[in-house]
Chemist: 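Can you keep this structure in mind? I'll have questions shortly.
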Amino acid sequence: MTAALSAHELIARHRSTLDQALEAIRTRAYWSPHPEHPKAYGENGSLDAAAGKAAFDALVGSRLDLGQPGTDDWVGGETSPYGVDLGVTYPHADLDVLLPAMKAGQRAWRDAGAEQRAVVCLEILKRISDRTHEFAHAVMHTSGQAFMMAFQAGGPHAQDRGLEAVAYAYVEQVRTPDNAEWTKPQGKRDPLAMNKQFTPVPRGIALMIGCNTFPTWNGYPGLFASLATGNAVLVKPHPRAVLPLALTVQVAREVLAETGFDPNLVALAAERPGEGIAKTLALRPEIRIIDYTGSTEFGDWLEANARQAQVYTEKAGVNTVVVHSTSDYKGMLANLAFSLSLYSGQMCTTPQNLLVPREGISTDQGPKSYDEVVADLAKSVDGLLGDDARANALLGAIVNPDVKARLEAAAGLGEVALASREITNPDFPGAVVRTPVIVKLDGAKPDDEAAYMSECFGPVSFAVAVDSAADAAELLRRTVREKGAMTVGAYTTDPEVEQAVQEVCLEEAAQLSLNLTGGVYVNQTAAFSDFHGSGGNPAASAALCDGAFVANRFRVVEVRRDA
């Protein structure tokens, strides 16, 4: 295959970006090469807002032919949470044809080396970035995110996470030199001398199982970590969120072909309605790596049954915030209200349980009882979402009927401090939009425990009354240990309480945010600086991103010769 883009051209184009990414993961300082503002696009080949919307509109009702081998049918069926029938169809693969075709290109990809693989991945990300407006509409109309969130989380933030994975992959691969001269003295005899060659060798084909809510943000780390370490990647999207990942596969295949590699190194596995091919794929002997975001039940099944593969999962957790005291009561309420409302709570990082001492908390506005804290938080959420236009921009749409059912059932679990209300979206009358519900529960009542000790994914939060800060710390420990947590938050002005909560999080491996009252929220993480998940509690078996996330996607194979 003739390359239109040489390795030299790609290195000249992208090496500086790779170096900046390497420096960012070393220092953990803020950095991003991908603009967050929609107006930053429209020059140097990137699509502006109008062109991106037109590109998305042209996709609706189309057939997305990726040129993959083994296509035996065309499948689709996505309906936007905003009520739009997308009507896009995708290739359905005969796995016995597609998987061998994917393996065929791995030797040349392996032999290209870590640097060339990295800059090819950066070229893929650059072309995705140029189409951020188009991808934003694809993410919005498959996940239900409001447009600005879909633009940022589905675009630059997802691209940052992909680049972060490439940087970690590069670091781990070049940790060992390509060659070494080894000499061992033998006293009066001639020394022993050997030449040793070390090659990062991919495990095989990686399977990336996408999620409905954040198809690109959750999907890109695994996809690019596997590709950058020499593996072919089969992308199996969630059946309700195929389009963003299908477009990703399309871009990746184009870049691979233009750089002289086999485009079948990246392929799509779309499925017929109800086909459920994830289990079938997960057990194929060709699949040696699996990345999965979704339910605990299927994540546990993958870990127990896909024994031939290295499995990375992000599953359910019960995220908790300890509310003990604060020096900025208004700021605390505003921060929590935003965290509970963003994307209708449909984030794996959204707080669910708010642990509040039943005797109340101390604040800069004086003592506040448990009832006052909960009522004031409800008022803060109401105030934030009181304007329907702003509410639609924050809440997005309910992604599926299961979330709506959980929201409606939550009102029967305890005393409702904040009732959910329906909001109409004038631009999309078919959208299901609901404000959050806050339910008061008692941490001392066994009947309430079943509710707050289970993940209730969606715009549902429980204000759990506890006896003391010590009880809150102990309940936090038990929750993280038994159920897992992607995030933990705490508000306290007491150094001893802060230390106790921090110790729980260190011992149970949960990421902690303390006293957030400004524009950073517990359910947001920044690529290159924050770790998403830890891999150390039941919510996830991996962190995005660290060395452990990439290092076991390849092995180093040694060839040694007498010098």
Side-chain angles (χ1 to χ4, degrees), residues 317-340 349-381 417 438-445 448-449 452-453 461-525 530-531 534 536-537:
V318 176
N319 301 319
T320 300
V321 177
V322 175
V323 182
H324 170 262
S325 52
T326 179
S327 60
D328 183 1
Y329 187 59
K330 182 179 179 182
M332 180 189 79
L333 294 175
N335 193 280
L336 284 173
F338 189 93
S339 297
L340 300 182
T349 50
T350 300
Q352 175 178 301
N353 293 347
L354 310 174
L355 309 186
V356 185
R358 64 180 77 252
E359 71 270 19
I361 70 172
S362 61
T363 80
D364 57 318
Q365 299 182 17
K368 299 288 183 180
S369 69
Y370 164 83
D371 288 333
E372 286 177 314
V373 172
V374 179
D376 288 345
L377 178 59
K379 289 177 185 176
S380 190
V381 174
I438 300 176
V439 179
K440 296 165 78 170
L441 298 176
D442 193 326
K445 291 183 177 180
D448 287 356
E449 184 174 314
Y452 67 72
M453 284 294 282
S461 294
F462 301 118
V464 183
V466 294
D467 289 336
S468 65
D471 287 333
E474 190 50 42
L475 179 53
L476 170 64
R477 181 188 301 278
R478 186 159 65 89
T479 303
V480 177
R481 181 174 293 176
E482 295 179 10
K483 303 297 181 179
M486 295 300 293
T487 58
V488 173
Y491 291 90
T492 182
T493 58
D494 186 326
E496 291 185 4
V497 174
E498 179 178 321
Q499 181 60 38
V501 172
Q502 181 172 309
E503 192 60 31
V504 168
C505 291
L506 291 173
E507 291 180 355
E508 304 302 330
Q511 312 293 12
L512 172 63
S513 297
L514 284 166
N515 297 317
L516 300 183
T517 57
V520 175
Y521 304 94
V522 67
N523 42 351
Q524 297 174 321
T525 57
D530 295 321
F531 291 111
S534 71
N537 70 63

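Just so it is clear, the model here is predicted, and its values are computed rather than measured.
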Chemist: Suppose we screen for side chain to side chain donor-acceptor pair (under 3.5 Å). Which residues come up paired with Asp530, at least two apart in sequence or across chains?
Modeler: none
Chemist: Phe338: what forms a ring pair (Phe, Tyr, Trp, His ring centres under 6.0 Å) with it, not counting sequence neighbours?
Modeler: Tyr521
Chemist: When you compare the side chain of Leu336 with that of Val321, does any pair of heavy atoms fall below 4.5 Å?
Modeler: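 Counting from C-beta outward, Val321 and Leu336 do come under 4.5 Å.
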Chemist: Once side chain to side chain contact (heavy atoms under 4.5 Å, CB included) is applied, do any residues pair with Ala378, and if so which ones, sequence neighbours excluded?
Modeler: Leu418
Chemist: Output yes when a side-chain donor or acceptor of Thr326 lies under 3.5 Å from a complementary backbone atom of Tyr491, and no otherwise.
Modeler: no
Chemist: So, do Val488 and Val504 sit near enough that their side-chain heavy atoms are less than 4.5 Å apart?
Modeler: no
Chemist: Locate the shortest heavy-atom distance separating Ser461 from Pro351; write the atom from each residue and the value.
Modeler: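 So the two residues come closest at OG-O, 3.5 Å.
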Chemist: Output all residues satisfying side chain to side chain contact (heavy atoms under 4.5 Å, CB included) with Thr349, sequence neighbours left out; order by chain, then residue number.
Modeler: Met347, Met486, Thr487, Asn523, His532
Chemist: If I take atom OH from residue Tyr329 and atom CG from residue Leu377, how far apart are they, to the nearest 0.5 angstrom?
Modeler: 8.0 Å
Chemist: Apply side chain to side chain donor-acceptor pair (under 3.5 Å) to Arg358 and list each qualifying residue two or more places apart in sequence or on a separate chain.
Modeler: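 With neighbours one apart ignored, the set is Asp442, Asp467.
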Chemist: Strictly by salt bridge (charged side-chain N to carboxylate O under 4.0 Å, His left out), give each pair with a member in residues 328-338 just once, sequence neighbours left out.
Modeler: none
Chemist: What's the separation between atom CG in Asp471 and atom CG in Leu476, rounded to the nearest 0.5 Å?
Modeler: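 The CG atom of Asp471 sits 12.0 Å away from the CG atom of Leu476.
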Chemist: Using side chain to side chain donor-acceptor pair (under 3.5 Å) as the criterion, list what pairs up with Lys368, not counting sequence neighbours.
Modeler: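 Expected list: none.
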Chemist: Is there a side chain to side chain contact (heavy atoms under 4.5 Å, CB included) between Ile361 and Met332 once you walk through the steps?
Modeler: CA-CA 12 Å; Ile361 70 172; Met332 180 189 79; 4.3 Å; yes
Chemist: Atom OG of Ser468 and atom CG of Leu355: how far apart are they, to the nearest 0.5 Å?
Modeler: 11.0 Å
Chemist: How long is the gap from CD on Glu503 to CG on Leu512, to the nearest 0.5 Å?
Modeler: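 With rounding to 0.5 Å, CD (Glu503) is 11.5 Å from CG (Leu512).
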Chemist: Supply the atom-to-atom distance His324 NE2 to Glu498 CD, rounded to the nearest 0.5 angstrom.
Modeler: 11.5 Å
Chemist: Hey, does the side chain of Asn353 reach the backbone of Phe462 with a donor-acceptor pair shorter than 3.5 angstrom?
Modeler: no
Chemist: Might you point out which heavy atoms bring Asn335 and Val520 nearest each other, and give the distance in Å?
Modeler: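 That would be ND2-O, 3.0 Å.
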Chemist: Of all residues at least two apart in sequence or in a different chain, which pass the side chain to side chain contact (heavy atoms under 4.5 Å, CB included) check with Ser369?
Modeler: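 With neighbours one apart ignored, the set is Asp371, Glu372.
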Chemist: Applying salt bridge (charged side-chain N to carboxylate O under 4.0 Å, His left out), can you list everything that pairs with Glu474, at least two apart in sequence or on another chain?
Modeler: Arg477
Chemist: As an exercise, state the distance from CG of Leu514 to SG of Cys505, rounded to the nearest 0.5 Å.
Modeler: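 It is 8.0 Å, given to the nearest 0.5 Å.
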Chemist: Identify the two heavy atoms, one from Asn537 and one from Ala509, that lie closest to each other, and give their separation to 0.1 Å.
Modeler: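 Scanning both residues, the minimum pair turns out to be ND2-O, 2.8 Å.
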Chemist: Under a 4.5 Å cut-off applied to non-hydrogen side-chain atoms, are Thr492 and Val322 in contact?
Modeler: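 They are not in side-chain contact.
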Chemist: Taking all non-hydrogen atoms of both residues into account, name the closest pair between Ala485 and Val480 and its distance.
Modeler: CB-CG2, 4.0 Å
Chemist: State which residues pass side chain to side chain donor-acceptor pair (under 3.5 Å) with Asp494; sequence neighbours excluded, sorted by chain then number.
Modeler: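 None.
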Chemist: If every non-hydrogen atom of Gly519 is compared with every non-hydrogen atom of Gln524, which pair is closest and at what distance?
Modeler: O-OE1, 4.2 Å
Chemist: Taking only residues two or more places apart in sequence, or in another chain, which ones meet Thr479 in a side chain to side chain contact (heavy atoms under 4.5 Å, CB included)?
Modeler: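 Listed in chain order: Val318, Thr320, Met453, Leu475.
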Chemist: Looking at Ser327, is its backbone amide N or carbonyl O close enough to the side chain of Thr493 to form a donor-acceptor pair, meaning the two atoms are under 3.5 Å apart?
Modeler: no
